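Below: the structure, in structure tokens.
Remember, it's a predicted structure, so these values are computed and weren't measured experimentally. Count residues from 1 along the sequence.
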Amino acid sequence: QVQLAESGRGLVQARGSLRVSCAASGRTFRTYAMGWFRQAPGKEREFVAAISRNSGSRYYGDSVKGRFTISRDNDKNMMYLQMNSLKPEDTAVYYCAVRGNSDHYSRPAAYSYWGQGTQVTVSS
């Protein structure tokens with residue numbers, strides 16, 4: 001069992017920056033690949049970024065590529081999403097998640113554990 005807690009919710013102006021964090025419980029954090037997703041009202045959950053266990057591989061959704069950076073600190077059981085050049089369309093609840101199977105990293109079905117989410121609002 002893994003418990004996840006996101007933090008860093010905020011209201012930021014367009015073109016601004018924000019970092020959201022994900023704290024994970026358990027001693028096996030370093031054995032899990034992880035991901036970030038987001039969901040805006042009335043829309044499906046969207047893949048944002050994914051990172052392998054040792055940070056050797058990182059993947060991004062097309063809408064955030066070049067603006068967002070995913071990272072993790074296995075010693076602290078933490079994962080981060082640095083968001084730059086934010087746009088109003090980035091407004092959503094952001095969720096961190098733990099990979100649970102070999103399904104494609106961009107699919108929510110690949111993830112077994114989810115946090116409660118943190119709200120990010122970007123004003124124009």
## Note on the structure
Taking every heavy atom of Gly100 against every heavy atom of Ser112, the minimum-distance pair comes out as CA-OG, 3.0 Å
### Message
Filter on side-chain hydrogen bond (donor to acceptor under 3.5 Å, both in side chains), then keep only pairs touching residues 15-26, sequence neighbours left out; what's left?
### Response
Ser17-Asn84
### Interatomic spacing from CG in Asn77 to OG1 in Thr28 - rounded to 0.5 Å
8.5 Å
#### Entry: From CA spacing to verdict: side chain to side chain donor-acceptor pair (under 3.5 Å), Asp73, Ser71
CA-CA 7 Å; Asp73 185 335; Ser71 63; over 6 Å; no
### Message
Tell me whether the count of non-hydrogen atoms from other residues, nucleotides or ligands lying under 6.0 Å of CD in Gln116 goes above 12.
### Response
no
### Task
Flag the pair Met79 / Ile70 as yes when at least one side-chain heavy-atom distance between them is below 4.5 Å, and no otherwise.
yes
### Message
Whether Arg99 engages the ring of Tyr113 as a cation-pi pair (distance to the six-membered ring centre under 6.0 angstrom, angle to the ring normal within 45°) should be assessed.
### Response
no
### Cluster check Val2, Phe37: I/L/V/M/F/W/Y, side chain < 4.5 angstrom
no
### Message
Can a donor-acceptor pair be found, under 3.5 Å and without considering hydrogens, that links the side chain of Ser52 to the backbone of Ser57?
### Response
yes
### Query
Taking a hydrophobic cluster as the set of Ile, Leu, Val, Met, Phe, Trp and Tyr residues connected by side-chain heavy atoms closer than 4.5 Å, whether directly or through intermediates, do Leu86 and Val64 fall within one such cluster?
yes
### Task
Would you check if Met34 and Arg53 make a side-chain contact, meaning some heavy-atom pair closer than 4.5 Å?
no
### Query
With no hydrogens and no angle check, do the side chains of Ser124 and Gln13 hold a donor and an acceptor under 3.5 Å apart?
no
### Message
I need the minimum non-hydrogen distance between Ala92 and Arg38, along with the two atoms involved.
### Response
CB-CB, 3.8 Å
### Message
Taking side-chain contact (heavy atoms from CB on, under 4.5 Å) as the criterion, tell me which of Thr118, Val20, Val93, Leu81 meets it with Glu6.
### Response
Thr118
### Task
Could you state whether Trp36 and Val122 fall into the same hydrophobic cluster, counting links through intermediate Ile, Leu, Val, Met, Phe, Trp or Tyr residues with side-chain heavy atoms under 4.5 angstrom apart?
yes
### Query
Taking all non-hydrogen atoms of both residues, which atom of Ser85 and which atom of Arg67 are closest, and how far apart?
O-NH1, 2.9 Å
### Task
Provide the full list of salt bridge (Lys or Arg N to Asp or Glu O under 4.0 Å) pairs with a residue in residues 100-124, sequence neighbours left out, each pair given once.
Asp103-Arg107
### Task
Mind running salt bridge (charged side-chain N to carboxylate O under 4.0 Å, His left out) on Lys87 and Asp90 for me, showing each step along the way?
CA-CA 5 Å; Lys87 306 175 182 179; Asp90 293 319; over 6 Å; no
### Task
Return each pair, listed once, that meets ring pair (Phe, Tyr, Trp, His ring centres under 6.0 Å) where at least one residue sits in residues 48-95; pairs must be two or more places apart or across chains.
Tyr59-Tyr105
### Task
Answer yes or no: is there a side-chain heavy-atom contact under 4.5 Å between Cys22 and Leu4?
yes
#### Entry: side-chain contact (heavy atoms from CB on, under 4.5 Å) assessment of Thr91 paired with Val120
CA-CA 5 Å; Thr91 295; Val120 172; over 6 Å; no
#### Entry: Lys43 atom NZ: more than 12 heavy-atom contacts under 6.0 Å
no
### For the student: nearest non-hydrogen atoms of Gly35 and Tyr111, plus distance
N-CE2, 3.7 Å
### Query
When you look at Arg72 and Phe29, which way does the side-chain contact (heavy atoms from CB on, under 4.5 Å) test go after all the steps?
CA-CA 10 Å; Arg72 65 190 294 168; Phe29 175 77; 3.4 Å; yes
### Query
Would you say Glu89 has more than 12 foreign heavy atoms packed within less than 6.0 Å of its CD?
yes
#### Entry: Gln39 vs Pro108 side-chain heavy atoms within contact, under 4.5 Å
no
#### Entry: Cys96 and Met78: CA distance, side-chain angles, deciding distance, side-chain contact (heavy atoms from CB on, under 4.5 Å) verdict
CA-CA 11 Å; Cys96 63; Met78 295 291 296; over 6 Å; no
## Note on the structure
Between Ser106 and His104 the two heavy atoms that sit nearest each other are OG-ND1, 2.8 Å
